[in-house]
Colleague: 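Quick one: the structure is below, and I'll ask about it shortly.
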Protein chains: 2
Amino acid sequence: MKLGDGVEQAIHSVGMLAGLSEGGVLSAAALAEFHGVSTSYLLKHLQSLSSAGIVATVPGPKGGYRLARPTDKITLLDIVLAVEGPQPAFRCAEIRQRGPNPLPGRYFTKPCGINAAMLKAEKVYRAELAKTTIADIRGDLAATDDGGIAARGCAFLELNERKTAAR
Amino acid sequence: MKLGDGVEQAIHSVGMLAGLSEGGVLSAAALAEFHGVSTSYLLKHLQSLSSAGIVATVPGPKGGYRLARPTDKITLLDIVLAVEGPQPAFRCAEIRQRGPNPLPGRYFTKPCGINAAMLKAEKVYRAELAKTTIADIRGDLAATDDGGIAARGCAFLELNERKTAAR
DNA sequence: GCGGAAATACTCGGATATTCCGTGTCCGAGTAGACCTGG
DNA sequence: CCAGGTCTACTCGGACACGGAATATCCGAGTATTTCCGC
């Protein structure tokens, strides 16, 4: 039971992208450098986020990433699913049906109670994640930050943000 | 984000142990054979369950495993934690503090909002798992089963259950 | 009836294979800006 | 000098390769307990 490191990186990256101004983009290299993580690895997840329609890309020089939707329309669940895949953590292998003398399949038309219970738990887990948006995260941060953290982010954006022509 | 196969095996094994009569035990080999899984691997998880105080062991010939508590005192969470370990799935690596020009640690006394949100989701996940006991699972099964599944289980127990002398 | 040997079953540790994660590298596609060439 | 095309640099997108960690599997040695046999 473990979530990959990519989830954390992806969420922080989205949070950073949320801070740039209208029409601005950030390159994957800048994102990776700011967080001190591997560029290749972050790139992989950014591409997942891109496929999922969470971030949008601007190709070419002066290109990079920006958010594809407003921050209050991006939930933690969206990001987790994009990075980790949509499969539930508990995969029922139906070991009920294995072993010697297996019963015919018609006895197992309904998913077993164990599977149902595990999936239900996962459902509430996801529902909880879906409650929190990037806007919420940024709101909380702004409320508790004394200014230092935001200042560092802004300074970095000053240096690395790129304005794209139009759009 | 994946739970090991051992979780399913462990839950089913506990469910099977719940079916034996007072004073009866089942060997690990029998459990593994019934579910059609590797004996050694199941053994590993049974030992985890044993360490966690969920099942009890009886050594020697005619020995085996039995439940250590009544079925309504064993939750799915107990089993998942025993098999997968107590660590949360989301481990915050504090990448906020990484990268060039990191801020001093005093800016990060509070866990970041991302971590808090992820852990909160995991908390409700576990709470949901804790709501379901083995007794519930067995009750649901009995309610939906037309008799075939229970019959197979009973037949197997007939063959493999062992009565231990006393206590 | 009693004591000891043998058999059985769990416990623990290590060894091996398979899968997944994290990382790096390479090549392809597309675009913006620079450069070069011709008038 | 200017306009147009071309060329290059830089970006993302995707595939592949590799090492290492975690998972899944297996095997053997050790220990405890019951059973059984011999006395």
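Computed from a prediction, not measured in an experiment: that's the story for all the values here. Chain identifiers are assigned alphabetically (A, B, ...) following the order of the sequence lines, protein sequences preceding nucleic acid strands; residue numbering begins at 1 within each chain.
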Colleague: Please name the pair of heavy atoms, one in B:Thr75 and one in B:Ala130, separated by the smallest distance, quoted to 0.1 Å.
Modeller: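 That closest heavy-atom pairing would be CG2-O, 3.3 Å.
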Colleague: Using a distance-only test with no angle check, is there a side-chain donor-acceptor pair under 3.5 angstrom linking B:Ser21 and B:Lys163?
Modeller: yes
Colleague: To the side chain of B:Ser38, which of D:dT11, D:dT23, D:dC26 is closest?
Modeller: D:dC26
Colleague: Just do the side-chain contact (heavy atoms from CB on, under 4.5 Å) check on B:Tyr65 and B:Val25 with the steps written out, would you?
Modeller: CA-CA 5 Å; B:Tyr65 290 90; B:Val25 299; over 6 Å; no
Colleague: Return the value, rounded to whole Å, for the distance between atom CD of A:Glu84 and atom P of C:dC20.
Modeller: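 Taking CD of A:Glu84 and P of C:dC20, I get 13 Å after rounding.
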Colleague: Report the distance from atom NZ of A:Lys44 to atom C1' of D:dC16, rounded to the nearest whole Å.
Modeller: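 From A:Lys44 NZ to D:dC16 C1': 11 Å.
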Colleague: Would you say a side-chain N or O of B:Ser50 is under 4.0 Å from OP1 or OP2 of C:dT11?
Modeller: yes
Colleague: Can you tell me if B:Thr57 touches the phosphate of C:dA9, counting only side-chain N or O atoms and a distance under 4.0 Å to OP1 or OP2?
Modeller: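 No.
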Colleague: Is it true that A:Asp145 and A:Arg138 have a side-chain N and a carboxylate O under 4.0 angstrom from each other?
Modeller: no
Colleague: Tell me the interatomic distance from A:Glu33, atom CD, to D:dT11, atom P, rounded to whole angstroms.
Modeller: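 Going from CD in A:Glu33 over to P in D:dT11 covers 12 Å.
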Colleague: Return no unless some side-chain N or O of A:Arg162 is found under 4.0 Å from OP1 or OP2 of D:dT11.
Modeller: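 For D:dT11, OP1 or OP2 has a side-chain N or O of A:Arg162 closer than 4.0 Å.
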Colleague: Look at all strands and tell whether A:Ser40 reaches a base, only sugar-phosphate, or nothing, counting heavy atoms closer than 4.0 Å.
Modeller: base
Colleague: In whole angstrom, give the distance that lies between atom CG of A:Asp5 and atom P of D:dG20.
Modeller: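 Computing the A:Asp5:CG to D:dG20:P distance gives 17 Å.
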Colleague: Among the nucleotides D:dA24, D:dG13, C:dA32, which one has an atom lying closest to any side-chain atom of B:Tyr41?
Modeller: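 The listed nucleotide nearest to B:Tyr41's side chain is D:dA24.
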Colleague: Whole-Å distance between C:dC21 P and B:Arg91 CZ?
Modeller: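 Computing the B:Arg91:CZ to C:dC21:P distance gives 13 Å.
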Colleague: Taking all non-hydrogen atoms of both residues into account, name the closest pair between B:Met1 and A:Arg91 and its distance.
Modeller: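 Minimum heavy-atom separation between B:Met1 and A:Arg91: O-NH1, 3.8 Å.
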Colleague: If I take atom CG in residue B:Leu43 and atom C1' in nucleotide D:dC27, what distance separates them, rounded to the nearest angstrom?
Modeller: 12 Å
Colleague: What nucleotide among C:dT23, C:dC10, D:dG14 has an atom nearest to a side-chain atom of A:Gln47?
Modeller: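 Comparing C:dT23, C:dC10, D:dG14 against the side chain of A:Gln47, the answer is D:dG14.
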Colleague: If you pin B:Pro61 and A:Met1 to their nearest nucleotides in DNA chain D, which one's is more 5'?
Modeller: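 That would be A:Met1.
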Colleague: Please compare A:Lys62 and A:Gly4 by the position of their nearest nucleotide in DNA chain C and report the one closer to 5'.
Modeller: A:Gly4
Colleague: For B:Ala28, which contact category applies under a 4.0 Å heavy-atom criterion: base, sugar-phosphate, or nothing?
Modeller: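 Touches sugar-phosphate only.
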Colleague: For the side chain of A:Pro59, counting heavy atoms from C-beta on, which of C:dC12, C:dT31, D:dA24 is nearest?
Modeller: C:dT31
Colleague: Distance check needed: C:dA9 P versus B:Leu42 CG, whole Å only.
Modeller: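 It is 15 Å, rounded to the nearest whole Å.
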Colleague: Please state how far atom OH in B:Tyr65 lies from atom P in D:dT33, giving the value in whole angstrom units.
Modeller: 15 Å
